[in-house]
Amino acid sequence: MRYLLNTEIGMFGVWDMHALDFIVDKATYNANLVNDRDIVSLINNKAVVLWGTGGDGHRPVEVRINPEADLSDEEKEYEEVASDEYKLEVNSGKVIIGSPEWAGSVQEEGLADEYTGIKSFELPNGVYLVKVYFLAWDFDNPDFEDKPEYVIVINKASEGHAFKEQTQFAVLG
């Protein structure tokens with residue numbers, strides 16, 4: 001699944017449709033999505049995936065669910081950095097991808113905004129391993145203009161998988 005996503009806060013994420021429902025106003029947003037320490041706590045305690053993009057703007061993103069290989073040989077050549085494996089818990093059968101500036105009480109508005117909003121896709125309930133790859137293509141080269149800047153790989157976690165606790169907010173880009 002390929003998306004063109006936008007961020008005005010230099011951050012993208014993947015989360016269960018209801019995982020961030022507790023963000024209802026500026027105070028709950030600021031208490032959870034501004035300070036790196038709070039973001040790491042949110043990642044560990046709510047099983048959401050969040051990463052910094054290094055800046056604002058539109059980014060091409062590709063989501064791969066249970067792929068045979070995370071990246072193609074060509075993509076491996078341009079892999080700049082990869083995240084640790086994140087834990088994603090899906091309880092609603094629907095996942096949100098995009099900038100968490102649209103999380104919580106403004107989520108429906110974000111889903112309705114084709115240009116700057118967030119996207120959703122269905123994913124069966126369960127626990128998943130998520131790995132995010134940042135690919136540093138030469139976007140000045142027209143051969144690369146159709147390539148994803150981020151590849152997000154989602155695999156079903158085996159029962160009892162021991163996830164590594166995140167200790168810092170990753171910037172991938």
Side-chain angles (χ1 to χ4, degrees), residues 1 3 5-59 61-65 70 81-113 116-134 149-173:
M1 296 174 283
Y3 304 100
L5 301 176
N6 183 61
T7 180
E8 296 297 325
I9 60 170
M11 189 182 337
F12 281 143
V14 180
W15 62 91
D16 177 84
M17 182 164 213
H18 297 296
L20 301 178
D21 283 353
F22 65 93
I23 298 175
V24 295
D25 55 22
K26 186 173 177 114
T28 52
Y29 177 91
N30 288 342
N32 291 281
L33 288 167
V34 173
N35 179 293
D36 285 3
R37 183 185 69 245
D38 296 328
I39 294 169
V40 169
S41 177
L42 191 62
I43 291 168
N44 288 322
N45 296 323
K46 291 292 185 180
V48 300
V49 179
L50 299 167
W51 70 94
T53 62
D56 299 345
H58 286 85
R59 306 278 198 290
V61 174
E62 185 164 305
V63 176
R64 299 177 182 161
I65 300 172
D70 286 5
V81 66
S83 72
D84 290 334
E85 289 181 334
Y86 290 98
K87 179 181 182 180
L88 173 66
E89 278 186 34
V90 179
N91 298 307
S92 69
K94 197 167 240 183
V95 173
I96 303 295
I97 182 170
S99 179
E101 67 200 82
W102 293 105
S105 63
V106 295
Q107 191 164 277
E108 289 304 317
E109 182 183 340
L111 286 167
D113 188 326
T116 60
I118 52 180
K119 310 298 181 205
S120 68
F121 59 93
E122 293 183 6
L123 193 64
N125 290 351
V127 178
Y128 293 86
L129 299 165
V130 178
K131 191 156 187 168
V132 181
Y133 295 90
F134 172 68
E149 191 169 339
Y150 291 99
V151 173
I152 301 153
V153 177
I154 302 174
N155 286 297
K156 185 86 167 147
S158 59
E159 192 168 325
H161 181 83
F163 286 90
K164 177 182 168 190
E165 184 168 328
Q166 299 300 311
T167 58
Q168 64 184 21
F169 177 59
V171 176
L172 306 171

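Remember, predicted model here, so these are calculated numbers, not experimental data.
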Pair N91-H18, side chain to side chain contact (heavy atoms under 4.5 Å, CB included): steps then yes or no: CA-CA 8 Å; N91 298 307; H18 297 296; over 6 Å; no
Check against side-chain hydrogen bond (donor to acceptor under 3.5 Å, both in side chains), S41 and N44: CA-CA 5 Å; S41 177; N44 288 322; over 6 Å; no
Criterion side chain to side chain contact (heavy atoms under 4.5 Å, CB included) on L88 and V14, from CA distance to verdict: CA-CA 8 Å; L88 173 66; V14 180; 3.9 Å; yes
Audit row: V153, V63, side chain to side chain contact (heavy atoms under 4.5 Å, CB included) steps and yes/no: CA-CA 6 Å; V153 177; V63 176; over 6 Å; no
Full working for side chain to side chain contact (heavy atoms under 4.5 Å, CB included) between K46 and F22: CA-CA 11 Å; K46 291 292 185 180; F22 65 93; 3.7 Å; yes
Residues S92, D16; criterion side-chain hydrogen bond (donor to acceptor under 3.5 Å, both in side chains); working and verdict: CA-CA 7 Å; S92 69; D16 177 84; 2.9 Å; yes
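By the 4.5 Å heavy-atom criterion applied to side chains, I43 and V49 are not counted as neighbours. Under the 4.5 Å side-chain criterion, counting only non-hydrogen atoms from C-beta, I152 is in contact with V130. Between T7 and H58, the closest side-chain pair of non-hydrogen atoms is not below 4.5 Å. Residues T53 and L172 have side chains not in contact (no heavy-atom distance under 4.5 Å, counting atoms from C-beta outward). Taking the side chain as every heavy atom from C-beta outward, V132 and F12 never approach each other to under 4.5 Å. Residues F121 and I154 form a side-chain contact, since some pair of their non-hydrogen atoms from C-beta on lies under 4.5 Å apart. In this structure, L129 and H161 have side chains that are in contact, with non-hydrogen atoms separated by less than 4.5 Å. When side chains are defined from C-beta on, I97 does not count as touching I118, because their heavy atoms never get closer than 4.5 Å.
Looking at every heavy atom in both residues, V40 comes nearest to Q168 through CG2-C, 3.3 Å. The two residues D56 and G10 come nearest to each other via the heavy atoms OD1-N, 3.1 Å. Shown here for V24 and T28, the closest heavy-atom pair between the two residues is N-OG1, 2.9 Å. Closest non-hydrogen pair, W102 versus G117, comes out as NE1-CA, 3.8 Å. The two residues P100 and G13 come nearest to each other via the heavy atoms CD-N, 4.3 Å.
Note: L33 CG to I9 CD1 = 6.5 Å, rounded to the nearest 0.5 Å. The distance from atom CZ of F169 to atom CG of L42, rounded to the nearest 0.5 Å, is 10.5 Å. M11 contributes atom CE, which lies 13.0 Å from atom CD of E8 (distance to the nearest 0.5 angstrom). Atom CG of D70 and atom NZ of K131 lie 7.0 Å apart (nearest 0.5 Å). The distance from atom OG of S99 to atom CG of L50, rounded to the nearest 0.5 Å, is 9.5 Å. Rounding to the nearest 0.5 Å places CG of N6 at 6.5 Å from CD of E101.
Side chain of D21 to backbone of G104: no donor-acceptor contact under 3.5 angstrom is found.
Put simply, the residue from Y86, Y150, F134 that forms a ring-ring contact (aromatic ring centres under 6.0 Å, His included) with W51 is Y150. Looking at L123, L111, V90 one by one, the single match for side-chain contact (heavy atoms from CB on, under 4.5 Å) with M17 turns out to be L111.
Using modelled atom types and a 3.5 Å distance limit, the side chains of N155 and Y128 yield no donor-acceptor pair. W15 and Q107 form a side-chain donor-acceptor contact under 3.5 Å, judged by distance and modelled atom types alone.
With respect to R59 and E149, a salt bridge is recorded, a charged nitrogen being found less than 4.0 Å from a carboxylate O.
Within a 6.0 Å radius of NZ in K156, more than 12 heavy atoms belonging to other residues, nucleotides or ligands are found.
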